[in-house]
Amino acid sequence: MRGFLKYEAVVAMERNAALTAVADALGAAGGWIVDHMLFSDVMATVRFALPGDRTGLFETALADAGLTVEPAMGEPAAGTAGAEEVNGAITLTFARGTGDLRRDVPAFS
């Protein structure tokens, strides 16, 4: 049975910088992004896959980037050994989010 990791963080950094930090941390740990959801500029959820023996490396890379995450919930199942793939999700809540990502669109005719 595959394990599932769930991380949560409230971040004060800029949204794009935080998402880039997550992507870089996953890449450094040998993982990849499976899917993502953006909830305006208030919250983002990134689903990922990662070798099971690299979760510590992922957490360290997040901390080095300034993302303090809550301890992983749903640690990999006891039957998962070594580099078996684990799935997970990280939810980022942006402390400075306004809930509005409007962009000015110039008029055209």
Side-chain angles (χ1 to χ4, degrees):
M1 177 178 191
R2 289 185 179 178
F4 188 84
L5 302 171
K6 186 171 188 284
Y7 298 94
E8 295 180 1
V10 176
V11 297
M13 70 175 58
E14 195 270 326
R15 179 177 49 90
N16 290 325
L19 291 171
T20 299
V22 169
D24 291 346
L26 278 169
W32 57 94
I33 294 173
V34 174
D35 191 17
H36 72 282
M37 300 268 304
L38 300 176
F39 302 97
S40 192
D41 69 339
V42 175
M43 184 182 292
T45 300
V46 178
R47 290 189 317 127
F48 59 87
L50 184 70
D53 60 351
R54 302 261 181 105
T55 57
L57 188 63
F58 174 60
E59 292 170 1
T60 300
L62 287 174
D64 291 345
L67 290 173
T68 306
V69 294
E70 294 293 322
M73 295 181 283
E75 289 292 332
T80 57
E84 185 174 335
E85 179 181 301
V86 293
N87 294 314
I90 182 168
T91 301
L92 303 173
T93 303
F94 305 107
R96 297 182 187 153
T98 63
D100 191 9
L101 279 180
R102 292 184 189 187
R103 295 184 181 165
D104 292 331
V105 178
F108 63 92
S109 58

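Computed from heavy atoms alone, side chains included, the values below leave out hydrogens, waters and symmetry copies.
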May I ask whether Val34 and Val69 are part of the same hydrophobic cluster, defined by side-chain heavy atoms of I, L, V, M, F, W, Y residues being less than 4.5 angstrom apart, directly or through others?
no
I'd like to check the ring pair (Phe, Tyr, Trp, His ring centres under 6.0 Å) partners of Phe48; sequence neighbours left out, ordered by chain and number.
Phe58
Answer yes or no: is there a donor N or O on one side and an acceptor on the other, between the side chain of Arg54 and the main chain of Ala29, under 3.5 Å?
yes
Take Leu62 and Thr68 through the test side-chain contact (heavy atoms from CB on, under 4.5 Å) and record every step on the way to the result.
CA-CA 7 Å; Leu62 287 174; Thr68 306; over 6 Å; no
Going hydrophobic residue to hydrophobic residue with side-chain gaps under 4.5 angstrom, can you get from Trp32 over to Tyr7?
no
Met43 vs Thr91, test: side-chain contact (heavy atoms from CB on, under 4.5 Å). Steps then yes/no.
CA-CA 7 Å; Met43 184 182 292; Thr91 301; 3.8 Å; yes
May I ask you to test the Ile90-Leu5 pair for a side-chain heavy-atom distance under 4.5 Å?
no
Just do the side-chain contact (heavy atoms from CB on, under 4.5 Å) check on Leu67 and Met13 with the steps written out, would you?
CA-CA 9 Å; Leu67 290 173; Met13 70 175 58; 4.2 Å; yes
Counting distance only, does the side-chain N/O of Arg47 pair as donor-acceptor with the main-chain N or O of Ala89 below 3.5 Å?
no
In chain order, what residues pass the side-chain contact (heavy atoms from CB on, under 4.5 Å) check against Ala61, with sequence neighbours excluded?
Ala25
Which of these passes side chain to side chain contact (heavy atoms under 4.5 Å, CB included) with Phe94: Asp41, Val42, Val11?
Val11
When rounded to the nearest 0.5 angstrom, what distance separates OG1 in Thr45 from CG in Leu92?
7.5 Å
What are the two closest heavy atoms between Gly30 and Pro51, and how far apart are they?
O-CD, 3.5 Å
List for me each residue that meets side-chain contact (heavy atoms from CB on, under 4.5 Å) alongside Ala23, sequence neighbours excluded, and say none if there are none.
Ile33
